[in-house]
Amino acid sequence: MRVNAESLNPYLRVKSSLNRFKSLQSQLLKWYKIHGRHELPWRNTNDMYHIYLSEIMLQQTQVNRVRDEYYPQFLERFPSLEILANAKQDEVLSAWSGLGYYSRARNLHKTAIASSFALPTTQKELIKLPGIGRYTASAICSFGHNQNIPVVDTNIARVIKRVFALMDTSEKIVWSHAEEFVNATEPRHHNLALMDLGSLVCLPKNPKCDECPLSSFCKGKTEPELYTQTKKTVYESLELFYGVLIEEEKIALKYSKEKLYKDMLVLPSVDPIEENLLGEFKHSYTKYRLNVKLYEIQDINDEKDEIVWINLKDFKNAAISSLTKKASKFFID
DNA sequence: ATCCGGTCGA
DNA sequence: TCGACCGGAT
């Protein structure tokens with residue numbers, strides 16, 4: 001990795017705002033003032049818990065769902081890090097229900113417990129916490145504390161790769177270029193601008209180079225798609241079979257011990273030999289195309305002790321996945 | 001039917 | 001370094 005004196009010495013780092021990228025940085029900020037997504041709620045708060053929560057929710061998840069539904073509801077239910085720390089994991093998972101990647105919610109809760117007084121304020125400390133990797137640690141430091149550090153998510157990575165014509169290269173190279181490019185006087189706005197540029201202009205396919213403030217410099221603009229090649233995903237079809245057992249307005253569920261839906265409430269699995277088919281639907285996640293079949297069953301064959309009985313009227317608000325929610329259409333009006 | 005997106009553990 | 005983890009949008 002390229003390590004230069006500027007990146008190690010904070011004094012020289014300030015001087016680097018006079019570096020060769022200065023005009024580029026200023027073009028970028030000018031664009032951001034006009035076209036940036038300034039209305040996002042987590043960009044209009046100083047509360048580090050709010051900023052942290054938004055970054056966890058935004059991992060692998062589209063902005064719209066987070067902004068309109070999960071982020072406001074979660075904050076209403078868990079208004080502070082301390083309240084979150086004192087909640088049961090099951091409550092946290094129920095607030096995350098339907099959002100996917102539930103390890104994020106488990107790690108969020110663990111992190112709240114580990115640092116309920118206040119989150120650390122350095123990238124080095126943040127990255128030790130569960131669920132916080134290099135990107136999120138940097139994002140918290142940059143967006144929350146305006147620290148002079150690079151941030152690289154996939155949008156920013158695409159911009160960096162194109163601007164510097166890096167092709168597909170190792171994470172380290174991309175981060176080191178992002179570090180050289182950081183605007184030392186406006187690091188927060190610089191990184192947010194790069195992120196918005198990546199998601200609004202420097203698109204994976206058909207990037208809008210004519211709207212881009214960096215296009216005059218961009219070394220990759222003649223072949224932008226050279227820098228976004230992805231390996232095609234091979235899908236796999238799978239059949240899943242679940243049993244539905246309802247007694248006295250309560251349904252039999254269990255807590256998943258598998259990696260999939262770990263600690264979430266799931267329907268008990270059954271063998272596909274059952275007679276009473278109740279319904280069938282499709283679902284998908286990662287590379288799997290699922291065809292799910294539900295069977296009405298009379299009793300639980302084994303592991304009876306693991307069953308938890310949930311009132312049907314509580315079902316919708318339980319810690320269940322989207323798959324389980326879809327299933328409920330066949331036994332709840 | 002394909003696309004989009006961070007962290008973690010093997 | 002690679003595959004598993006999620007689900008809605010397009």
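Values below: every heavy atom of this structure, side chains too, minus hydrogens, waters and symmetry copies.
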Tell me whether the OP1 or OP2 atom of [N] has a side-chain N or O from [X] closer than 4.0 Å.
| X | N | result |
| --- | --- | --- |
| T61(A) | dG6(B) | no |
| K232(A) | dT2(B) | no |
| Y102(A) | dG7(C) | yes |
| Y70(A) | dG7(C) | no |
| K287(A) | dA4(C) | yes |
| T286(A) | dA4(C) | no |

Sugar-phosphate only, base, or nothing, as touched by L260(A) at under 4.0 Å among non-hydrogen atoms: sugar-phosphate
Touch class at under 4.0 angstrom, heavy-atom based, for Y235(A) against every strand present: base
Whole-Å distance separating the [atom1] atom of [X] from the [atom2] atom of [N]:
| X | N | atom1 | atom2 | result |
| --- | --- | --- | --- | --- |
| K259(A) | dT7(B) | NZ | C1' | 13 Å |
| N64(A) | dC3(B) | CG | P | 20 Å |
| E236(A) | dT2(B) | CD | C1' | 17 Å |

Partner residues of S80(A) under the side-chain contact (heavy atoms from CB on, under 4.5 Å) criterion, sequence neighbours left out: E82(A), I83(A)
Toward the 5' end of DNA chain B, by each residue's nearest nucleotide, Y101(A) or I132(A): Y101(A)
Residue mapping more 5' on DNA chain B - nearest nucleotide basis, L129(A) or Q62(A): Q62(A)
Polar side chain donor-acceptor pair, N317(A) to S94(A), under 3.5 angstrom: no
Minimum-distance pair of heavy atoms, taken over all atoms of P207(A) and P224(A): CG-CB, 3.5 Å
Aromatic ring pairing F164(A)/F181(A), orientation class (parallel under 30°, perpendicular over 60°, tilted between): perpendicular
Validation row, ring centre F331(A) to ring centre F315(A) under 6.0 Å: yes
First encountered from the 5' end of DNA chain C, between S284(A) and K231(A): K231(A)
